[in-house]
Amino acid sequence: MELIRRIDAGDPRALPRLLTLIENRDPAGLAALDTLYPRGGRAHVVGITGPPGSGKSTLVAALVSEIRASGRRVAVLAIDPSSPVTGGAVLGDRIRMMEMHADPDVFIRSMASRGRVGGLAPAAAGAVAALDAAGFPVIIVETVGTGQDGIDIMTLAQTVVVVQVPGLGDGVQAIKAGQLEVGDLLVVNKADLPGATDLVRLLRQSAEGLGSPGWEVPVLPVSAATGDGIPGLLAAIDRHGVVLRGGSEGARRQREAASAAVMSGLRAALERRIASETSDEMRDLIDAVAARDLAPDAAVAQLLTRLDGAGTRGSDPVGDQRRG
Ligand SMILES: Nc1nc2c(ncn2[C@@H]2O[C@H](COP(=O)(O)OP(=O)(O)O)[C@@H](O)[C@H]2O)c(=O)[nH]1
Ligand SMILES: [Mg+2]
């Protein structure tokens, strides 16, 4: 296929093009992904998550410089599930990383959920798979929080870095909300600000006993703005990658990621099918439920029968079917 040949030849416009096709669920993009998928599985996918303003983008920029200094290529996927009307947040991130656009071995892509057909989670999983197949040894995924809009960073990333900052009480919030548990590494960013030492101490207590076989969760103070602690953070991320590759935990996570990718894709496909196959009938049935002529379960049963019929016909009016 032409697009894959161009990616292999190192055409800088081919990969952004492929990601756009995948995001739009264009049959050509999905067919390319079918071909590319078996090539993947070698990248170390690192998720960076934390509250807005905690310095994730600044941290990613610092990590990218450090990874480049170690001679590796790196791709960044910045996911913003907040559907900004203006796209401002995503654009801000882009501009901040602009200097890196000059480096052909750094690939940066932003993704928002605004106007998306078929859900952000499958699109993000598809993008990671494409970047993996394109040969980036490290892929960084930046996203706010966890589980928002179906983006569960754990299902995309092998190594999850949870970012906290002093001064906002966020650390305490995160402990209460159980957000630390998803982290393989806990980072206290803005360690140049007051309160960092206390937060590190608090998180170290909370992190005790967390982790996976052969891995204790480290709590690392860094300053993305000054670069303090960044080499140590990258070293810890790399170490976690090595631990994963050496043990059963890595395989377990691969299996979990595969399961999540299939399930989110299936869910999105069913939602598209529901929207396209049942809309008229759905409206009538909802009217009937509202008028108390029909119980909700009875309406659901009728709609399912309708979808079963659509399934056996094999029709796919959204144009999802692979034509590759
Ligand atoms: N003092 C200080 N400020 C930082 C540090 N890292 C990031 N910031 C600032 O925090 C703000 C939010 O950073 P950003 O990377 O956009 O956060 P994000 O929303 O988590 O991606 C910006 O004004 C950054 O300059 C740091 O290490 N120290
Ligand atoms: Mg950001």
Side-chain angles (χ1 to χ4, degrees), residues 45-67 74-101 106-114 120 123-124 127-128 138-149 151-153 156-157 159-174 177 179-180 182-183 185-200 203 218-237:
V45 186
V46 180
I48 311 278
T49 184
S54 56
K56 295 180 297 300
S57 296
T58 314
L59 189 63
V60 169
L63 278 172
V64 164
S65 300
E66 197 65 27
I67 292 165
V74 55
V76 177
L77 187 64
I79 301 175
D80 185 354
S82 60
S83 311
V85 179
T86 60
V90 173
L91 204 60
D93 289 347
R94 267 201 194 136
I95 289 166
R96 213 167 294 139
M97 292 187 180
M98 201 70 99
E99 57 195 88
M100 291 167 189
H101 274 287
V106 178
F107 182 88
I108 295 168
R109 177 83 172 191
S110 295
M111 203 178 251
S113 55
R114 180 168 40 114
L120 188 54
V128 168
V138 187
I139 301 169
I140 301 179
V141 182
E142 177 195 334
T143 184
V144 181
T146 52
Q148 296 187 13
D149 198 24
I151 290 293
D152 186 347
I153 191 69
L156 279 181
T159 298
V160 177
V161 178
V162 172
V163 181
Q164 298 292 314
V165 283
L168 301 173
D170 276 349
V172 182
Q173 295 298 323
Q179 283 166 11
L180 301 183
V182 306
L185 297 88
L186 305 183
V187 162
V188 173
N189 188 35
K190 311 196 186 184
D192 51 296
L193 297 183
T197 315
D198 286 347
L199 181 57
V200 168
L203 293 183
V219 179
L220 305 169
V222 308
S223 172
T226 67
D228 280 349
I230 301 298
L233 172 57
L234 180 60
I237 289 170

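In each ligand, atom 1 is the first atom listed, and ligand 1 is the first ligand listed.
- For Glu142, the N, O or S atom closest to the Mg ion (ligand 2) goes by the atom name OE2.
- Of the heavy atoms in Asn189, only side-chain atoms (C-beta onward) come closer than 4.0 Å to ligand 1.
- For the pair Lys56 and ligand 1, the shortest N or O to N or O distance falls below 3.5 Å.
- Remark: distances from the non-hydrogen atoms of Pro51 to ligand 1 include one below 4.0 Å.
- Closest approach of Ile79 to Ala124, counting heavy atoms only: CD1-CB, 3.6 Å.
- Residue-level proximity to ligand 1 for Asp192 is carried by the side chain, the only part with a heavy atom below 4.0 angstrom.
- The shortest heavy-atom contact between Ile230 and Ala62 is CG2-O, 3.8 Å.
- If you take CD1 on Ile48 and CG on Leu77, they are separated by 12.5 Å, rounding to the nearest 0.5 Å.
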Inset, instruction - Could you give me the CA-CA distance, side-chain angles and deciding distance for Ile237 and Leu63, then say whether side chain to side chain contact (heavy atoms under 4.5 Å, CB included) is met? - result: CA-CA 10 Å; Ile237 289 170; Leu63 278 172; 4.1 Å; yes
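- Closest heavy-atom contact between Val141 and Val45: CG2-CG1, 4.0 Å.
- Not a single N/O/S atom of Thr58, whether from backbone or side chain, sits less than 2.8 Å from the Mg ion (ligand 2).
- For the pair Ala157 and Gly47, the tightest heavy-atom approach, listed with the atom from each and the gap, is CB-N, 3.3 Å.
- Within the 4.0 Å heavy-atom shell around ligand 1 one finds Gly53.
- Each of the atoms 21 (O) of ligand 1 lies under 4.0 Å from some heavy atom of Glu142.
- The contact set between ligand 1 and Thr58, taken as ligand atoms under 4.0 Å from a residue heavy atom, comprises 6 (N), 7 (C), 13 (O), 14 (P), 15 (O), 24 (C).
- The shortest N/O to N/O separation between Pro52 and ligand 1 does not fall below 3.5 Å.
- Formation of a donor-acceptor pair under 3.5 Å by the Ser223 side chain with backbone atoms of Ala191 is not found in this model.
- Side-chain atoms of Lys56 come within 3.5 Å of backbone N or O of Pro51 as a donor-acceptor pair.
- Distances between N or O atoms of Leu193 and those of ligand 1 include no value under 3.5 Å.
- For the pair Gly55 and ligand 1, the shortest N or O to N or O distance falls below 3.5 Å.
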